[in-house]
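Residue numbers start from 1 in every chain, and the chains themselves are labelled A, B, ... in the order their sequence lines are given, proteins ahead of strands.
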Amino acid sequence: MVNGEQVALFYVPESEDKIFAIGNWDPIGKANVLSRGLIAHLQGVWVVASPLYKQHFVLSSGACLEEDICVPHWQVKLDGDDVYIAGH
Amino acid sequence: MTSNTPLSANKPHLVVVGNGMVGHHFVEQVIAQGGHEIFHITVFGEEPHLAYDRVHLSEYFTGKGAADLAMTDGTLYDDNGVRYFTNSLVTEIDRKTKQLCLKSGESLSYDKLVLATGSYPFVPPIPGHKRDNTFVYRTLEDLDAIRDCAKTVTRGTVVGGGLLGLEAANALKNLGLETSVVEFAPRLMPVQLDEKGGSVLKGMIEGLDVKVYTDTATKDIVDGETSFHRMNFADGTHLETDLILFSAGIRPQDALAKQSGLDMGERGGITINNYCQTSDEDIYSIGECALWNNRIYGLVAPGYTMAKAAAGHLLGDVSVSFTGADMSTKLKLLGCDVGSVGDAHAQTQGCKVFVYQDEISQSYRKMVVSEDGKKLLGAVLVGDNSYYDTLLQYYLNAIDLPEQAQSLILPAMDGAPAALGVDALPATASICSCHNVSKQDISDAVCNGALSVGDVKGVTKAGTGCGGCAALLKKVVDNELLALGVEVSTDICEHFSYTRQDLYNMVKIEEIKSFGSLLEKHGKGHGCEICKPAVGSILASVWNDYVLKKEHISLQDTNDRFLANMQKDGTYSVVPRIPGGEITPERLIVLGEVAKEYNLYTKVTGGQRIDLFGATLAQLPEIWAKLIAAGFETGQAYGKSLRTVKSCVGSTWCRYGVNDSMKMAIDLENRYKGLRSPHKIKFAVSGCTRECAEAQSKDIGVIATEGGWNLYVCGNGGMKPRHGDLFATDLDDETLIKYIDRVLMFYTKTADRLQRTSVWMDGLEGGLAYLKDVVINDKLGLCEELENRMAHVVDTFQCEWKTTLEDPEALKTFRQFVNYDGADTNVVFVEERNQVRPATDFEKQQLIAKVG
């Protein structure tokens with residue numbers, strides 16, 4: 001929860017960025033569930049598959065691969081055990 | 001209705017005469033191909049309405065209004081600069097000066113002309129046919145007049161027992177009239193049906209209180225004694241009726257063509273070539289007024305093809321032509337199924353015929369096959385059209401008939417050959433019902449470059465609604481790709497160039513215990529939501545580890561990861577195991593108390609257990625702690641694993657039970673409850689042949705007999721029902737379990753990802769006989785291994801919720817927020833029938849407005 005907004009945080013140790021933050025709200029399924037999706041690596045891009053209807057959202061940009069829709073994304077930094085999320 | 005678009009002088013002028021379904025479709029096609037940029041387009045329609053759906057005209061009587069039937073409200077025309085005039089009859093064409101005259105006296109010039117004037121109903125010239133209260137059945141105005149008349153009278157008669165006549169009879173009946181049908185030919189639907197088929201249909205229709213007179217010629221119509229009309233028949237009898245509706249066939253509306261001297265058929269119709277050009281190359285003709293190869297096509301689909309061909313040709317694309325059409329039809333008339341395919345009358349030289357007739361349930365089916373018995377030439381169906389699609393496929397594609405060809409019209413019995421595969425599904429078959437995507441749509445998408453299931457989903461939206469069609473969608477896409485000659489990848493995803501079966505064997509033979517090591521050895525990249533759960537399931541099938549173990553947790557799909565079923569609002573449902581549906585009152589009370597405490601919506605499931613909905617992520621461990629303390633176990637409703645074993649009470653209580661189905665159901669459920677499989681598995685056990693547990697619709701079905709148990713396998717309910725195949729009879733308890741062990745493990749070993757047993761069986765080469773060979777005769781020498789694997793799964797069962805509750809690390813994941821204790825404000829419930837349910841978007845707004 002950041003400034004009253006639900007942020008889905010993904011820790012992906014295999015990736016270059018290690019950590020990603022996008023909105024938790026699934027605009028297609030209309031529920032706060034993206035944090036509970038499976039992480040996938042498709043054609044070199046890290047994405048999360050929505051647990052409701054399986055659309056993919058790019059972790060670094062929030063863009064949806066199947067529909068012309070986008071969820072918010074945040075700048076995020078890992079410093080030791082602490083996570084920093086930039087405000088919008 | 002008239003548009004405001006002015007006529008532009010610098011473009012050539014395309015005029016379309018006729019605004020029925022086909023004329024409208026033509027304009028649509030021209031616009032779709034950009035023709036409105038090239039031509040100035042003007043449309044004339046004789047009727048007061050723009051084009052409407054005449055195929056469903058009868059629905060005008062069952063609640064649909066003109067607006068519902070309309071194919072356009074003019075927007076399409078206005079937006080694309082198409083001028084249109086309704087109530088406008090074109091009376092003359094001067095081909096020399098390229099001028100049209102209208103009834104109103106106006107005239108205008110054209111560069112290209114399309115005649116889509118359709119047809120008119122044929123009214124036999126019986127003396128008296130122009131009396132009051134006589135009608136035809138073609139336009140909305142006709143229907144208005146019929147409806148007005150029907151309000152004041154009691155008896156109605158349709159002259160003509162063809163397809164449209166029976167449709168009209170249905171309409172009269174729906175208007176509350178005592179209805180009769182008078183047909184000149186010796187049988188109903190003489191074009192589509194043979195004599196026997198016609199007589200069965202007659203019997204069925206008479207059963208619906210419609211009087212049918214066949215082989216009856218009307219001599220004249222005069223004043224009636226008890227009704228408005230009296231119809232005198234040639235044989236001296238008569239019929240009194242108040243309303244007469246003529247539906248004795250259609251004739252091409254070709255007066256305009258005749259006047260202008262275009263080539264015509266001997267019995268009417270405007271002669272056209274394959275591009276629908278008439279004898280004047282600047283004039284096209286399409287639809288029911290056009291005569292191709294001396295034939296009129298009175299159905300809408302051929303008319304649409306003509307529209308497409310003409311539009312293409314006009315704009316310089318000659319890839320689409322009209323070269324005739326299949327006139328096979330399937331319809332429901334007065335609630336009776338009627339189907340006719342190809343040479344229904346067996347007129348082909350040397351053809352042979354199969355006939356099946358059932359006088360009890362009133363059905364009749366005939367197949368006409370070639371002299372050598374190899375090809376289907378035609379068919380007649382009355383009473384049950386479920387056979388139609390398969391027969392039509394055999395006919396249209398000239399598929400070789402199976403050895404026992406007659407089975408195609410016989411009622412389904414054990415051992416009948418399976419229906420055709422996906423390549424035989426008709427193009428119109430609906431694959432995704434959520435987005436109404438047909439096989440044809442998918443085929444088009446593939447042809448246009450969508451070369452994977454993902455691409456097809458993106459283009460057509462198929463499979464993005466409920467997702468229930470995913471497996472079928474993949475088969476259709478693969479099939480289309482194959483048809484295009486594209487090599488179909490059976491790779492599970494981009495990370496593994498292997499099938500699920502390959503991966504299973506690798507995991508087992510190389511003793512691979514984690515996704516990471518499998519990926520390292522045989523895969524590439526980092527995995528995705530396809531391969532991760534698939535491998536997770538394989539690892540669980542083979543090694544049966546705790547699914548939330550650290551190295552496995554990220555593989556699990558949402559439901560498996562949180563051991564509960566996610567619902568649409570992101571909350572979960574909780575389903576404890578209730579083996580065989582047997583539950584003590586004490587435990588039932590516990591469920592009730594937990595549901596009450598957490599305010600959970602409670603429902604009994606189809607699998608005889610109890611589902612508690614509306615639990616938040618954080619509530620799940622608390623709820624399960626209470627359930628486990630009361631002796632419950634996880635129901636694994638979230639997993640691709642055994643769901644339930646449904647059962648009747650069996651011989652312990654039931655007067656008819658011949659064996660203890662209850663005990664068997666509980667034993668089976670407890671034995672197989674931990675098994676992770678390619679897809680979910682359902683069982684049922686019935687205590688006698690009455691089959692109250694519906695075992696034949698389950699993956700594994702067991703039915704008690706005097707001699708033990710009959711075992712059925714690979715049945716399915718759900719979206720594509722399949723009766724289980726009888727696998728073995730009169731088994732003792734031990735053999736029954738042995739066979740089930742082997743069947744299930746063989747399925748787990750060889751099936752594709754997310755493939756139910758029914759689909760697996762349909763795709764299994766050698767089918768039931770092969771499976772019997774493997775399981776009963778140990779053809780592959782696998783049985784011992786299969787049993788050992790199952791024994792391992794049974795021995796290592798653990799209740800995943802119990803393990804989770806004992807693992808503080810695993811419990812950490814059951815949090816909605818890492819930095820905040822509040823709840824998800826989007827989860828809002830409202831009350832309905834004394835329980836909660838998720839609020840709709842509208843209700844949420846209302847609630848927010850109230851609070852605000």
Side-chain angles (χ1 to χ4, degrees), chain A residues 1-19 21 23-59 63-69 76 81-85, chain B residues 434 454-455 457-459 461 463-467 470 493-495 516 519 523-533 536 553-562 564-572 616-617 813-827 838 840-841 844:
Chain A
M1 187 70 88
V2 177
N3 297 333
E5 266 190 279
Q6 294 196 21
V7 179
L9 263 187
F10 299 90
Y11 175 56
V12 189
E14 303 94 323
S15 71
E16 215 169 286
D17 297 317
K18 306 279 187 243
I19 191 150
N24 196 28
W25 176 253
D26 174 351
I28 296 159
K30 294 195 175 17
N32 289 308
V33 294
L34 290 185
S35 60
R36 288 175 257 164
L38 265 178
I39 297 168
H41 190 244
L42 296 179
Q43 325 235 308
V45 180
W46 286 100
V47 296
V48 61
S50 160
L52 286 168
Y53 300 113
K54 314 296 175 203
Q55 290 89 358
H56 299 93
F57 295 88
V58 176
L59 292 182
C64 175
L65 295 183
E66 287 82 9
E67 310 242 341
D68 191 13
I69 210 167
V76 62
D81 280 349
D82 294 329
V83 178
Y84 293 91
I85 298 178
Chain B
C434 301
D455 290 349
K457 275 187 178 179
V459 178
K461 292 198 152 200
T464 60
C466 74
C493 67
E494 65 179 80
H495 307 103
L519 190 70
K524 52 179 186 276
H526 300 284
C528 66
E529 86 284 3
I530 308 281
C531 58
K532 283 179 178 177
I553 187 164
S554 67
L555 305 181
Q556 311 303 342
D557 225 333
T558 319
N559 287 352
D560 266 317
R561 182 157 150 214
F562 298 108
N565 294 42
M566 185 185 273
Q567 304 300 326
K568 62 194 283 186
D569 62 347
T571 65
Y572 291 88
T616 63
L617 195 55
T813 60
F814 290 84
R815 287 180 297 181
Q816 180 77 17
F817 306 106
V818 287
N819 62 344
Y820 173 69
D821 281 335
D824 180 355
T825 50
N826 181 56
V827 173
T840 61
D841 286 347
K844 281 180 196 169

Among B:Gly527, B:Cys531, B:Cys493, the residue with the most heavy-atom pairs under 4.5 Å to chain A is B:Gly527
Non-hydrogen atoms of chain A under 4.5 Å away: do they reach the side chain of B:Asp455, the backbone, both or neither?
neither
Identify which part of B:Ser554 has an atom lying under 4.5 Å from any heavy atom of chain A, answering side chain, backbone, both or neither.
backbone
B:Lys844 side-chain N/O to B:Asn826 backbone N/O, donor-acceptor pair under 3.5 Å
yes
Proximity breakdown for B:Leu617 and chain A, heavy-atom pairs closer than 4.5 Å:
side chain
Sort A:Asn24 into side chain, backbone, both or neither according to what part of it lies under 4.5 angstrom from a heavy atom of chain B.
side chain
Using only heavy-atom distances, determine whether the side chains of A:Asn32 and B:Asp824 contain a donor-acceptor pair under 3.5 Å.
yes
Side chain from CB out, backbone as N, CA, C, O: work out which of these in B:Asn819 comes under 4.5 Å of a heavy atom of chain A, or both, or neither.
side chain
Decide if atom NZ of B:Lys568 counts as having more than 12 heavy atoms of other residues, nucleotides or ligands within a radius under 6.0 Å.
no
Check whether B:Gln567 gets within reach of chain A through its side chain, its backbone, both or neither, counting any heavy atom under 4.5 Å.
backbone
Side chains of B:Glu529 and A:His56: donor-acceptor distance under 3.5 Å anywhere?
yes
Taking the inter-plane angle between the rings of B:His526 and A:Trp46 on a 0 to 90° scale, is it parallel (under 30°), tilted (30 to 60°) or perpendicular (over 60°)?
tilted
Looking just at side-chain N and O atoms, do A:Ser15 and A:Asp17 make a donor-acceptor pair shorter than 3.5 Å?
no
